[in-house]
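What you see is a predicted model, and the numbers here were worked out from it, not measured in a lab.
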Amino acid sequence: MEQRRHIAVIGAGIVGVATAIWLQRDGHRVTLIDREGPAAGASHGNGGVLASAGIVPVTGPGLLAKAPRMLFDRDGPLWLKWQQLPRLLPWLIRYLGHCSEAETRRIAAALAGVTADSLAEHQALAIGTGAGRWIVPCDFTYLYRNRAAFEADALGWSLREEHGHKVEVLEGPALRAYDPNLGPSIGLAAAMPGHGRITDPGAYVHALAEDFLTNDGQFRQAEIDDVTVEQGRLTGLLAQGETIACDAAVVATGAWSGPLARRLGIRAPLESERGYHLELWGASAMPRTTVLLAKEKFVATPMEGRLRLAGQVEFGGLQAPASRAPFRLFRKAIREALPGITWEREVEWLGHRPSLSDSIPVIGEVPGIAGAFLGFGHHHVGLTCGPRTGRLLAQLVAGRTPNQDLSAYAPARFA
């Protein structure tokens, strides 16, 4: 490691907080900067799944044929704010250009490199912090209407198995024994051991951030407008006219990372993949473990005091108000999956996943600018990948070579 330096980490979601902690453990002086505070966005509202098997991109083979029908299906998992289409069209064309089996395999291999061992990565990050109380080892189980629906996802299951995920397929009495709460609309479950869930993602990231501060970490509430670069090296950040001097900086601001990346010469094709959650507080029934309803494409995760339903995909930018259709679908689908379920109150939420057009996150140093690093674009698996991404970035900042090939995530592909 180089001598102790001052590193700024911009963004206090799970990626930024994890990066700050690993840098701090490496001996650096670290300032965490966010315009709001820890876990203010998707790191609060995500599905809470440590989805090591979440390596199959939305842009699988057949999406081009299915997308038009899905966009007009009131019970489908895909929505579009049509008034946003002219702005979104160039990005969507690039995004849909990856709808082939070859691209799906390439993307899955890249995602496997950052989703692997997520449970162990979170446990290592949380050790000694008090945040470990929210980490629960569990299965991750996909729920299907019938075997035909499961077999229609054959490519995805073959990719998961190729990357080391074991699956147990349950039907009939075995399915009912596995989870008696599941209703007759569920005909098959595909259960994968070795996963985990976070029972309160917002509290978890807050606890990690508090430990960072307790160990002499610094926090600044500010919005970074620009960077200063001298002789090919990043030397500081500009916030509301003030310069924050630093020896290196990491941009980890999720769906808001585009403007700063462009100032560093990286024109990342980044879009908000709007995600929703509906929390059912005081739910009368819970699934045995975290489940993904395969038809509706959302997860149901048991959390402290509530059941969180989270997922869906909506393209509509960062400013448009929430749609009502995702919440209606959550209620309809969970009543079918868990017949008779009741709850005392609801909480609705809309957040923004940072989605790059090739579905692979950016992790690495900016070419041509020493000390400038990027870590964003994890779309559906930001919580899953946060600790490993942070550890990789800390190694790169320290000048060490990680023991895995990072070429797939290189910012240079968008330079």
Side-chain angles (χ1 to χ4, degrees), residues 1-43 205-206 208-268 270 318 354 362-377 382 386 389-399 411 415:
M1 188 188 74
E2 297 180 16
Q3 64 181 359
R4 191 171 190 260
R5 297 181 299 157
H6 178 212
I7 314 299
V9 178
I10 311 165
I14 181 59
V15 174
V17 170
T19 303
I21 289 174
W22 286 122
L23 285 166
Q24 185 181 66
R25 290 176 183 175
D26 241 359
H28 297 291
R29 181 166 65 92
V30 185
T31 300
L32 184 62
I33 303 168
D34 194 276
R35 62 180 182 174
E36 295 182 68
S43 290
V205 176
H206 270 281
L208 291 170
E210 287 170 7
D211 183 79
F212 163 76
L213 295 174
T214 299
N215 288 288
D216 295 326
Q218 300 296 313
F219 176 77
R220 290 280 304 269
Q221 185 169 347
E223 184 158 6
I224 302 303
D225 303 311
D226 209 341
V227 299
T228 59
V229 178
E230 298 176 9
Q231 297 180 341
R233 174 171 288 278
L234 187 143
T235 58
L237 309 172
L238 299 178
Q240 290 91 49
E242 177 190 357
T243 298
I244 302 171
C246 58
D247 298 301
V250 178
V251 177
T253 48
W256 289 267
S257 299
L260 272 179
R262 284 194 293 274
R263 284 173 169 78
L264 293 166
I266 303 298
R267 300 190 63 82
L270 182 68
L318 294 167
V362 164
I363 304 170
E365 189 168 19
V366 173
I369 304 179
F373 298 84
L374 305 178
F376 62 84
T389 298
R391 183 165 55 81
L392 291 170
L393 286 166
Q395 290 171 347
L396 292 172
V397 170

Engineer: Any donor-acceptor pair under 3.5 Å linking the side chain of His206 with the backbone of Ala39?
Structural biologist: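 Not at all, since once roles are kept as given, no pair shorter than 3.5 Å links the two residues.
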Engineer: Can you give me the closest heavy-atom contact between Gly37 and Phe219, atom names plus distance?
Structural biologist: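 That closest heavy-atom pairing would be CA-CZ, 3.9 Å.
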Engineer: Donor-acceptor check, side chain of His6 to backbone of Val30, threshold 3.5 angstrom: yes or no?
Structural biologist: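 Side chain of His6 to backbone of Val30, a donor-acceptor pair under 3.5 Å: no, none is there.
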Engineer: Taking the side chain as C-beta and beyond, is there a heavy-atom pair between Leu237 and Thr243 under 4.5 Å?
Structural biologist: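 A side-chain contact is absent here, since even the closest heavy-atom pair is not under 4.5 Å.
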Engineer: Can you name the residues that form a side chain to side chain contact (heavy atoms under 4.5 Å, CB included) with Thr228, not counting sequence neighbours?
Structural biologist: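 Partners of Thr228 by the side chain to side chain contact (heavy atoms under 4.5 Å, CB included) criterion, ordered by chain and then number, come out as Thr235, Leu238.
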Engineer: Measuring from Ile33:CD1 to Ile10:CD1, what's the distance to the nearest 0.5 Å?
Structural biologist: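 Separation between the atoms: 5.5 Å.
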Engineer: So how far is it from Phe373 CZ to Thr19 OG1, rounded to the nearest 0.5 Å?
Structural biologist: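 Answer for the CZ-OG1 pair, Phe373 versus Thr19, is 11.0 Å.
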Engineer: Are the side chain of Thr253 and the backbone N or O of Gly11 linked by a donor-acceptor pair below 3.5 Å?
Structural biologist: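 Judged by distance alone, no pair lies under 3.5 Å.
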Engineer: What's the spacing between Asn215 CG and Arg25 CZ if we round to 0.5 Å?
Structural biologist: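 With rounding to 0.5 Å, CG (Asn215) is 8.5 Å from CZ (Arg25).
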Engineer: What heavy-atom pair brings Leu270 and Pro354 nearest, and what distance separates the two atoms?
Structural biologist: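 The answer is CD1-C, 3.8 Å.
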Engineer: Determine the minimum heavy-atom distance between Arg35 and Gln221, stating which atoms define it.
Structural biologist: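 So the two residues come closest at O-NE2, 3.3 Å.
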Engineer: Just verifying a value: how many Å separate Glu36 CD and Glu223 CD, rounded to the nearest 0.5 Å?
Structural biologist: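 Nearest 0.5 Å value for the CD-CD distance: 9.5 Å.
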Engineer: Whether the side chain of Thr389 engages the backbone of Gly386 through a donor-acceptor N/O pair (distance < 3.5 Å, no angle test) should be reported.
Structural biologist: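 Checked: no pair found.
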Engineer: What's the separation between atom SG in Cys246 and atom CZ in Arg29, rounded to the nearest 0.5 Å?
Structural biologist: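 Between Cys246 SG and Arg29 CZ, I get 9.5 Å after rounding to 0.5 Å.
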Engineer: Ignoring hydrogens, what is the shortest heavy-atom contact between Pro411 and Leu374? Give both atom names and the distance.
Structural biologist: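 Looking at all heavy atoms of both residues, the closest pair is CB-CD1, 4.0 Å.
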Engineer: Arg5 side chain to Val397 main-chain N or O, any donor-acceptor pair under 3.5 Å?
Structural biologist: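 Confirmed, Arg5 side chain pairs with Val397 backbone.
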Engineer: Can you find a heavy atom in the side chain of Phe212 that is under 4.5 Å from one in the side chain of Val17?
Structural biologist: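 Heavy-atom side-chain distance check fails, nothing below 4.5 Å.
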Engineer: So does Ala239 get a backbone contact from the side chain of Asp225, meaning a donor-acceptor N/O pair under 3.5 Å?
Structural biologist: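 Judged by distance alone, no pair lies under 3.5 Å.
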Engineer: From Leu213 CG over to Gln24 CD, what is the distance, rounded to the nearest 0.5 angstrom?
Structural biologist: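 Between Leu213 CG and Gln24 CD, I get 8.5 Å after rounding to 0.5 Å.
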Engineer: Quick one: does Leu396's side chain get under 4.5 Å of Glu365's, heavy atoms only?
Structural biologist: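 Not in contact.
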Engineer: Which heavy-atom pair separates Thr31 from Arg220 by the least distance, and what is that distance?
Structural biologist: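 Where Thr31 meets Arg220 most closely, the heavy atoms are CG2-CG, 3.8 Å.
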Engineer: If every non-hydrogen atom of Leu264 is compared with every non-hydrogen atom of Val366, which pair is closest and at what distance?
Structural biologist: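 Heavy atoms only, the tightest pair is O-CG1, 3.3 Å.
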